[in-house]
Amino acid sequence: MNSNDIIIRPIISEKTTELMEQHKYVFQVARDANKLTVKKALKDLFNVTPEKVNILNVRGKNRRLRFRVGKRAAWKKAIVTLSAGDKIEIFEGQ
């Protein structure tokens, strides 16, 4: 699997911007990715070495639109802790 296929997109919200102060970055990753593949993909894409990778499975929510019932897709989230000197430029807005 390619590194671009593993890291899908960064998650930017109020909570994740507060985590950036602790050198933690949040990404949506592929459903079949694990900690080792996420760590390798970050090293390839952003030239940083993660100290720690935590992965969460986010369940899809049930949604209704008028008379139809549907479900959002489930996805996987990775919280990556970097060392104090490293940072990822995408989140910094440069």
Side-chain angles (χ1 to χ4, degrees):
M1 192 183 297
N2 189 2
S3 296
N4 290 323
D5 296 332
I6 294 171
I7 306 293
I8 297 174
R9 68 183 179 102
I11 306 295
I12 299 173
S13 66
E14 288 184 36
K15 188 173 182 178
T16 60
T17 52
E18 289 177 4
L19 286 174
M20 281 190 256
E21 296 172 359
Q22 302 170 8
H23 305 288
K24 294 183 180 184
Y25 297 91
V26 182
F27 295 95
Q28 179 180 355
V29 296
R31 290 289 309 243
D32 56 346
N34 58 21
K35 291 182 181 187
L36 296 176
T37 57
V38 170
K39 190 179 274 193
K40 183 180 179 298
L42 286 170
K43 195 170 190 177
D44 291 344
L45 292 174
F46 302 112
N47 296 324
V48 294
T49 55
E51 288 182 355
K52 191 173 168 183
V53 176
N54 294 329
I55 292 186
L56 302 155
N57 286 313
V58 181
R59 287 190 285 169
K61 294 182 179 180
N62 292 327
R63 292 292 175 199
R64 262 185 51 170
L65 180 62
R66 296 194 132 230
F67 305 110
R68 297 180 185 253
V69 178
K71 188 171 184 173
R72 284 190 187 165
W75 53 286
K76 194 176 265 193
K77 175 169 48 173
I79 302 172
V80 179
T81 305
L82 300 179
S83 60
D86 288 339
K87 61 181 166 181
I88 298 175
E89 298 298 328
I90 290 176
F91 290 95
E92 305 299 326
Q94 297 176 3

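- Phe27 is listed as a side-chain neighbour of Leu42, based on a closest heavy-atom distance under 4.5 Å.
- In this structure, the side chains of Asp32 and Met1 come closer than 4.5 Å at one or more pairs of heavy atoms.
- Pairing each heavy atom of Asn4 with each of Leu45, the nearest pair is OD1-CD2, 3.1 Å.
- The distance from the CD1 atom of Ile11 to the CG atom of Leu19 is 12.0 Å, given to the nearest 0.5 Å.
- Surrounding CD of Glu14 are at most 12 heavy atoms belonging to other residues, nucleotides or ligands under 6.0 Å away.
- For the atom pair NZ (Lys24) and CG (Asn54), the distance works out to 7.0 Å, reported to the nearest 0.5 Å.
- Here the straight-line distance linking atom CG of Asp44 with atom CG of Asn2 works out to 8.5 Å at 0.5 Å rounding.
- Ile88 CD1 to Leu82 CG: the interatomic distance, rounded to the nearest 0.5 Å, is 5.0 Å.
- The heavy-atom pair separating Ala74 from Arg31 by the smallest distance is CB-NH1, 3.0 Å.
- Here the closest non-hydrogen pair linking Glu51 and Lys39 is O-NZ, 4.1 Å.
- By the neighbour-count criterion of 12 heavy atoms within 6.0 Å, atom CZ of Arg68 is sparsely surrounded, having that number or fewer from other residues, nucleotides or ligands.
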Exercise. Apply side chain to side chain contact (heavy atoms under 4.5 Å, CB included) to Val26 and Lys15, showing your working.
Key: CA-CA 10 Å; Val26 182; Lys15 188 173 182 178; over 6 Å; no

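- Minimum heavy-atom separation, Ala33 to Val38: CB-CG2, 4.1 Å.
- Atom-to-atom distance recorded for Arg72:CZ and Lys61:NZ is 6.0 Å, nearest 0.5 angstrom.
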Quiz item: Which is it for Val29 and Ile8 under the side chain to side chain contact (heavy atoms under 4.5 Å, CB included) test, yes or no, and what are the steps along the way?
Solution: CA-CA 5 Å; Val29 296; Ile8 297 174; 5.8 Å; no

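- Between Pro50 and Val53, the shortest heavy-atom contact is CB-CG2, 4.2 Å.
- When every heavy atom of Ile7 is checked against every heavy atom of Ala41, the shortest pair comes out as CG1-CB, 3.9 Å.
- Rounded to the nearest 0.5 angstrom, Lys52 NZ and Lys35 NZ are separated by 8.0 Å.
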